[in-house]
Amino acid sequence: MMQEDYFMENAEKMMFNQENYMISFRRNVETYAKENNLTLRKVSEMSNIPYATLNSFFYGKNMDCKLSTAVKLARALDVTLDELVGAGTLTKMEQRDLKMLRILPRRTKYLIHWLIEYHGHMMMHQDQREKRISVLIPEIHNGTEMLFSYHYKLMDVSKCSDEIKAKAYIGLKLVSENYMPKYAPGDILLIANNHIEADNMDYVIIYYGRIYLTKRIKKDANKFCFVIEDGGFQVDEDEIDGILGYIIGIVY
C-alpha cells in the first residue's frame, strides 16, 4: 500500500456526524486513544481532566462536553479540534497532510516551516507582474549522483512563455553530467506538476533520497513505472519516494 493510501485510510477512520457532533467526538477520542494504546485513565492524566468527568462523558448519561474539555483533549492527543469533533471543515487531503506532518522528523518539519514562510514572504513582496519560483539546488554525491537538499534560490520566470509561467512551480539546477547531451550541468529545468499524465515528457523523481530524470511508461493496464536512464533500470510508481513533476522548459 502506498504511503498516501495509508494516511487516507487512517483519515477514513474518523467519524463525521454533522447531525450530532457529540457522537463523533466520543467515537473519535476513543479511536485516537486506542491507536496510541492509551487507557481512559492515561488520557485523564495527559489532559488534566478528572477521570470521573471523562468516565461520565464516555460511559455515563452525560452527552455534553465543555469546549475547554474538548480543547484539553485535542492538545493531549495532539490532534485538531476539527479532527476530534468531526466537524468536517478540513478536507480529507488536509487531514492526510496533517497526519503525515506529525510523523516527520523534526529537521523535516523545520524545512517545511521554512518553505511556507519563504513562499509566503515571496508572494507578499513580489511585483504582481512577476512570477518567481524556487530553484532546488541538489547536493552532488560520488561525482554524478544528485541528492535532495535544502538549498534553494529564487528565479523570475516572467519573461518565459505563457505556458511556462502558468505551469512551472519549481526549478531544478542540474549538477550532474549523467544526462548530457540533452541536459548539461548548470541547466535550470523548469518543472510542472499539474497532474497531467505526460508520458512523453521527462519526469523528475526522488528515489531513495536521490533525484533522477526519468521516462514514465505504462507497465500494464493499471500500472506505470519510471525508467531511470542514467542507471539503466526501472522502478514501479509505488516504489519511489515522490514525483517533483515533469520538465516543461530549460534555462541555460
Side-chain angles (χ1 to χ4, degrees), residues 1-124 148 150 169 193-195 206 209 222 237-243:
M1 181 182 295
M2 292 181 66
Q3 191 177 44
E4 288 190 2
D5 295 333
Y6 171 78
F7 285 109
M8 190 66 77
E9 181 180 297
N10 279 348
E12 295 286 352
K13 294 179 182 177
M14 297 302 104
M15 185 175 184
F16 299 91
N17 187 332
Q18 295 189 0
E19 295 181 1
N20 192 328
Y21 288 115
M22 284 300 103
I23 292 176
S24 297
F25 180 61
R26 292 169 73 168
R27 160 75 182 279
N28 290 341
V29 172
E30 290 175 347
T31 299
Y32 274 100
K34 184 177 180 181
E35 286 182 352
N36 292 280
N37 299 315
L38 299 173
T39 63
L40 192 62
R41 192 167 297 279
K42 183 63 177 178
V43 172
S44 169
E45 294 173 2
M46 293 169 58
S47 61
N48 200 27
I49 300 171
Y51 175 78
T53 300
L54 290 179
N55 191 64
S56 174
F57 176 65
F58 288 106
Y59 304 111
K61 295 181 180 180
N62 182 13
M63 288 294 292
D64 205 355
C65 175
K66 293 181 180 180
L67 179 59
S68 59
T69 300
V71 170
K72 287 180 179 179
L73 284 170
R75 287 176 175 170
L77 297 174
D78 194 26
V79 295
T80 65
L81 271 176
D82 181 283
E83 293 170 289
L84 207 56
V85 175
T89 59
L90 293 175
T91 66
K92 289 181 178 180
M93 181 176 290
E94 289 169 338
Q95 293 174 52
R96 183 205 63 189
D97 290 345
L98 280 171
K99 288 178 181 293
M100 293 177 71
L101 182 63
R102 290 186 185 112
I103 68 167
L104 293 175
R106 186 183 297 270
R107 64 182 183 278
T108 306
K109 290 180 181 178
Y110 281 140
L111 171 63
I112 292 171
H113 176 71
W114 177 82
L115 281 174
I116 291 172
E117 285 197 342
Y118 175 71
H119 282 278
H121 178 81
M122 181 176 68
M123 292 299 295
M124 287 188 294
F148 195 83
Y150 300 158
Y169 83 104
N193 189 12
N194 53 345
H195 305 292
I206 302 173
N222 301 308
E237 196 166 19
D238 57 0
E239 294 177 344
I240 64 176
D241 299 336
I243 304 173

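Every value quoted in this text rests on a predicted model; they were computed, and no experiment measured them. For the numbers below, each heavy atom of this structure counts, side chains included, while hydrogens, waters and symmetry mates do not.
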Out of curiosity, R75 CZ to L81 CG, how far, rounded to the nearest 0.5 Å? 9.0 Å

To the nearest 0.5 angstrom, please state how far the CG atom of D82 sits from the CG atom of N28. 10.0 Å

S47 side chain to L73 backbone, donor-acceptor under 3.5 Å: no

Would the distance check show the side chain of N55 and the main-chain N or O of Y51 forming a donor-acceptor pair, the cut-off being under 3.5 Å? no

Identify the two heavy atoms, one from V43 and one from A33, that lie closest to each other, and give their separation to 0.1 Å. CG2-CB, 4.1 Å

I need the T53 OG1 to K72 NZ distance, nearest 0.5 Å. 9.0 Å

Evaluate the side-chain proximity of I243 to E237: yes if any heavy-atom separation is below 4.5 Å, no if none is. yes

For V29 and L77: C-alpha separation, side-chain torsions, deciding distance, then whether side chain to side chain contact (heavy atoms under 4.5 Å, CB included) applies. CA-CA 8 Å; V29 172; L77 297 174; 4.2 Å; yes

Report yes if the side chains of Y32 and E83 come closer than 4.5 Å at any heavy-atom pair, otherwise no. yes

Looking at side-chain heavy atoms only, is the closest gap between K34 and E30 below 4.5 Å? no

CD1 of I49 to NZ of K66: how many Å apart, nearest 0.5 Å? 11.0 Å

To the nearest 0.5 Å, what is the distance between CE (M46) and OG1 (T39)? 10.0 Å

Here's a test for you: under side-chain contact (heavy atoms from CB on, under 4.5 Å), which of V79, V71, T31 qualifies with L84? V79

